[in-house]
Amino acid sequence: MKNRIVKLITPVKSSCDNLINISKSRVPISATTKTVYDTVDFFENNIFLKDELKIETEPVKHKTALKEIINLHNNDGIKDVTQIKRMVQKIESGDDILHINRMPNIKLVKTTAAEWVLFDGHHSMLAYMLAGKKYLHEVPQLVVLDEEKGYISAEEILVFFGEHSKKLKGSAWRKKVINWQAAQEKQLGQRIQVNMGELLKSIIFF
């Protein structure tokens with residue numbers, strides 16, 4: 001049976017910025033866990049909320065710049081700048097931005113080209129960047145990978161575009177973004193900001 005791996009990664013808050021706490025959970029791919037979203041739901045309900053995590057502390061092996069992560073929204077898909085400002089204040093006070101159940105808001109997959117795609121948590125990511133975080137290991141995150149391949153295929157990424165995925169094939173998602181705030185016929189749009197760095201620069205926060 002094929003599996004996806006869900007990694008839960010959080011920075012170790014100490015004088016050393018080169019350590020992370022990491023757990024790795026195996027989720028079988030089945031009729032009820034076909035998509036990445038299904039995998040996250042299974043992990044949340046059957047592993048995370050049941051405290052079935054084995055957490056290990058590891059050194060950071062690779063530093064990934066937050067600004068290089070691929071976004072799925074243009075700036076018009078960022079709905080609440082005020083919320084981001086509140087998040088920044090929380091981060092600067094020493095807290096993290098987490099879901100009410102304490103699971104990270106920031107969720108990512110890796111492409112066949114070893115790029116990171118942010119499929120949930122754009123507001124949270126922007127807040128961490130505004131608060132001065134520069135690298136991925138500095139923020140709490142959830143990562144989904146195929147156990148055998150070590151990445152998520154282009155076809156699997158299409159699920160992030162919801163019902164509009166049927167309009168896309170393969171790597172066509174790279175030229176598109178989604179805006180769930182827009183009218184249905186305008187939700188799928190052409191990509192303008194190509195990564196989180198460009199997205200951050202395009203938004204006026206203060």
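This chain uses plain numbering: 1 for the first residue, then up along the sequence.
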(message) Are Ile106 and Ile78 linked, directly or through intermediate hydrophobic residues, by side-chain heavy-atom contacts shorter than 4.5 Å (ILVMFWY only)?
(response) yes
(request) Would you check if the side chain of Asn71 reaches a backbone N or O of Asn195 as a donor-acceptor pair within less than 3.5 Å? (result)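 Indeed, once roles are kept as given, a pair shorter than 3.5 Å links the two residues.
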(message) Between Asp96 and Lys13, does any NZ, NE, NH1 or NH2 come within less than 4.0 Å of an OD or OE carboxylate oxygen?
(response) yes
(request) Please determine if Glu147 and Arg26 form a salt bridge, counting it only when a charged side-chain N lies under 4.0 Å from a carboxylate O. (result) yes
With side chains defined as the heavy atoms from C-beta onward, is the minimum distance between [X] and [Y] less than 4.5 Å?
{"X": "His137", "Y": "Thr64", "answer": "no"}
{"X": "Lys176", "Y": "Gln190", "answer": "yes"}
{"X": "Ile29", "Y": "Lys34", "answer": "no"}
{"X": "Ile84", "Y": "Met129", "answer": "no"}
{"X": "Leu145", "Y": "Arg4", "answer": "no"}
{"X": "Leu72", "Y": "His122", "answer": "yes"}

(message) Which heavy atom of Glu138 sits nearest to which heavy atom of Pro11, and what is that distance?
(response) O-CG, 3.5 Å
(request) Evaluate whether atom OH of Tyr135 has more than 12 neighbouring non-hydrogen atoms of other residues, nucleotides or ligands under 6.0 angstrom away. (result)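 Atom OH in Tyr135 is not packed in, count stays at 12 or less.
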(request) Assess whether atom NZ of Lys167 is packed by more than 12 heavy atoms of other residues, nucleotides or ligands within 6.0 Å. (result) yes
(request) Look at the aromatic rings of Phe119 and Phe160 and report parallel, tilted or perpendicular, splitting at 30° and 60°. (result) parallel
(request) Check side-chain hydrogen bond (donor to acceptor under 3.5 Å, both in side chains) between Glu198 and all other residues, then give those that pass, not counting sequence neighbours. (result)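 With sequence neighbours excluded, Glu198 shows a side-chain hydrogen bond (donor to acceptor under 3.5 Å, both in side chains) to no residue whatsoever.
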With a 3.5 Å cut-off and sequence neighbours excluded, list the donor-acceptor pairs that the side chains of residues 49-60 form with protein atoms.
from  : atom 1 : to    : atom 2 : distance (Å)
Thr57 : OG1    : Asn21 : OD1    : 2.8

(request) Flag this pair as yes if the NZ/CZ of Lys133 is under 6.0 angstrom from the six-membered ring centre of Tyr128 and inside a 45 degree cone about the axis; otherwise no. (result)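 Because its charged atom misses either the 6.0 Å distance or the 45° angle limit, Lys133 does not stack over Tyr128.
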